[in-house]
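All chains are named by letter (A, B, ...) in the order of the sequence lines, taking the proteins before the strands, and each is independently numbered beginning at 1.
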Protein chains: 2
Amino acid sequence: MEEGTLKSPSNCGDTGPEQDFDINNWDVREGCEVRQILDRVADKWSLLAIAHLERRTLRFSELRRLIDGISQRMLTVTLRQLERDGLVRRTVYPVVPPRVEYELTPMGATLHTTIRSLVDWTEGHQQEIARARAEYDSRQGEADAPVA
Amino acid sequence: MEEGTLKSPSNCGDTGPEQDFDINNWDVREGCEVRQILDRVADKWSLLAIAHLERRTLRFSELRRLIDGISQRMLTVTLRQLERDGLVRRTVYPVVPPRVEYELTPMGATLHTTIRSLVDWTEGHQQEIARARAEYDSRQGEADAPVA
DNA sequence: CGGTATCCGTTCTGATACTG
DNA sequence: CAGTATCAGAACGGATACCG
């Protein structure tokens with residue numbers, strides 16, 4: 001293994017719910033995992049894998065076909081991370097052609113709402129962002145050389 | 001500039017709100033920006049910058065001190081991206097010691113709820129994930145050589 | 001003060017090849 | 001089928017130096 005398999009969770013003391021947005025708490029330097037978990041959850045492949053698994057249990061190759069932009073390597077890595085985080089359960093059936101199934105754990109399933117709100121926001125503001133982007137780029141295009 | 005300054009927004013046709021979770025829609029290959037926007041929003045530095053700006057308008061150097069793990073380069077890059085996406089407004093005061101202020105745009109402010117739910121989920125499941133991680137790691141430790 | 005430009009090591013990722 | 005191992009290229013991110 002070579003991927004980001006950062007061990008030693010280093011449980012940080014719960015800071016309590018009353019302080020809204022203790023920003024420094026998200027930071028990696030604090031030894032907390034908020035940031036780290038966020039990265040996993042917001043990760044491109046993780047998000048897609050979870051989304052598909054939200055529908056039903058899937059085999060490795062099924063996921064591969066469904067996500068399809070993904071390489072075998074990244075699918076394996078992603079699935080392993082999700083399994084390690086307890087978001088996905090991996091079941092191996094010791095049959096002649098190996099059969100491995102992946103499904104969301106209860107905790108994994110609770111991500112639905114959260115992810116949904118993120119995607120909703122993004123979809124809802126897609127146009128507005130595109131407009132902002134176009135405007136910004138054209139402002140830059142005045143000073144800088146237009147590519148085409 | 002060298003950073004991910006992917007131009008040409010390529011506005012993709014709105015697929016409509018009735019279909020819940022059209023997964024392929026998030027994918028980068030579709031030419032849509034959902035994935036891309038998500039990356040921005042979930043980005044470590046973006047998240048921190050937005051969180052601080054949620055409190056009040058800040059100057060460049062103030063942000064730098066507040067985030068503090070960040071390099072000048074990354075702060076600039078992050079702020080520029082957020083500005084381009086229309087999430088942050090940059091105001092330059094042409095005074096002798098240059099003064100530049102950053103503040104959230106109305107759209108940027110709407111991120112609050114979304115980000116909050118993400119962070120809430122993460123904080124709420126931090127312990128459970130840590131436990132899952134520890135368990136997974138120990139399971140691996142049996143088969144693989146314990147480091148220490 | 002608030003950047004920009006450059007260099008450069010680290011990380012991420014995809015392609016490829018091999019295995020139980 | 002479902003991986004693992006290896007390698008190379010691309011992207012990321014920090015340190016540094018210089019500018020309006």
S.K.: For the pair Glu62(A) and Arg64(A), find out whether any cationic side-chain nitrogen is under 4.0 Å from an anionic carboxylate oxygen.
M.R.: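 Arg64(A) and Glu62(A): not salt-bridged.
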
S.K.: Pick the nucleotide of DNA chain C nearest each of Arg59(B) and Ile70(A); which residue has the one closer to the 5' end?
M.R.: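 It is Arg59(B) whose nearest nucleotide is closer to the 5' end.
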
S.K.: Ignoring backbone atoms, test whether Tyr102(B) places a side-chain nitrogen or oxygen under 4.0 Å from the OP1 or OP2 oxygen of dG3(C).
M.R.: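 Checking Tyr102(B) against dG3(C): at least one side-chain N or O falls below 4.0 Å of OP1 or OP2.
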
S.K.: In terms of side-chain heavy atoms of Trp45(A), which of dA2(D), dG3(C), dG14(C) is nearest?
M.R.: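 Nucleotide nearest to Trp45(A)'s side chain: dG14(C).
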
S.K.: Would you say a side-chain N or O of Arg80(A) is under 4.0 Å from OP1 or OP2 of dG3(D)?
M.R.: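 Answer is yes, contact under 4.0 Å.
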
S.K.: For Arg73(B) and dG3(C), what is the distance between atoms CZ and C1' respectively, to the nearest whole Å?
M.R.: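 Answer to the nearest Å: 13 Å.
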
S.K.: Give the nucleotide from the list dG13(D), dA2(D), dG3(D) with an atom nearest to the side chain of Arg90(A).
M.R.: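 Looking only at side-chain atoms, Arg90(A) lies closest to dG3(D).
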
S.K.: Answer yes when Glu135(A) and Arg139(A) have at least one side-chain N-carboxylate O distance shorter than 4.0 Å, and no when they do not.
M.R.: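 Arg139(A) and Glu135(A): salt-bridged.
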
S.K.: Across the strands shown, which category fits Arg64(A) at heavy-atom distances under 4.0 angstrom: base, sugar-phosphate, nothing?
M.R.: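 Here Arg64(A) touches no strand at all.
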
S.K.: To the nearest 0.5 Å, tell me how far Trp45(B) CH2 sits from Leu75(B) CG.
M.R.: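 Nearest 0.5 Å value for the CH2-CG distance: 9.5 Å.
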
S.K.: Do you know the tightest heavy-atom contact between Ser117(B) and Ser117(A)?
M.R.: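 Taking every non-hydrogen atom into account, OG-OG, 3.2 Å.
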
S.K.: Of the nucleotides dG14(D), dA2(D), dG2(C), which has the atom closest to the Val100(B) side chain?
M.R.: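 Among dG14(D), dA2(D), dG2(C), the one nearest the side chain of Val100(B) is dG2(C).
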
S.K.: Need one value for Tyr93(A): base, sugar-phosphate or nothing, where a base atom within 4.0 Å counts as base even if backbone is also close, heavy atoms only.
M.R.: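 Answer is nothing: Tyr93(A) stays at 4.0 Å or more from every strand.
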
S.K.: Please determine whether a side-chain nitrogen or oxygen atom of Ser61(B) lies at a distance below 4.0 Å from atom OP1 or OP2 of dG2(C).
M.R.: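 Yes, because at least one side-chain N or O of Ser61(B) sits under 4.0 Å from OP1 or OP2 of dG2(C).
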
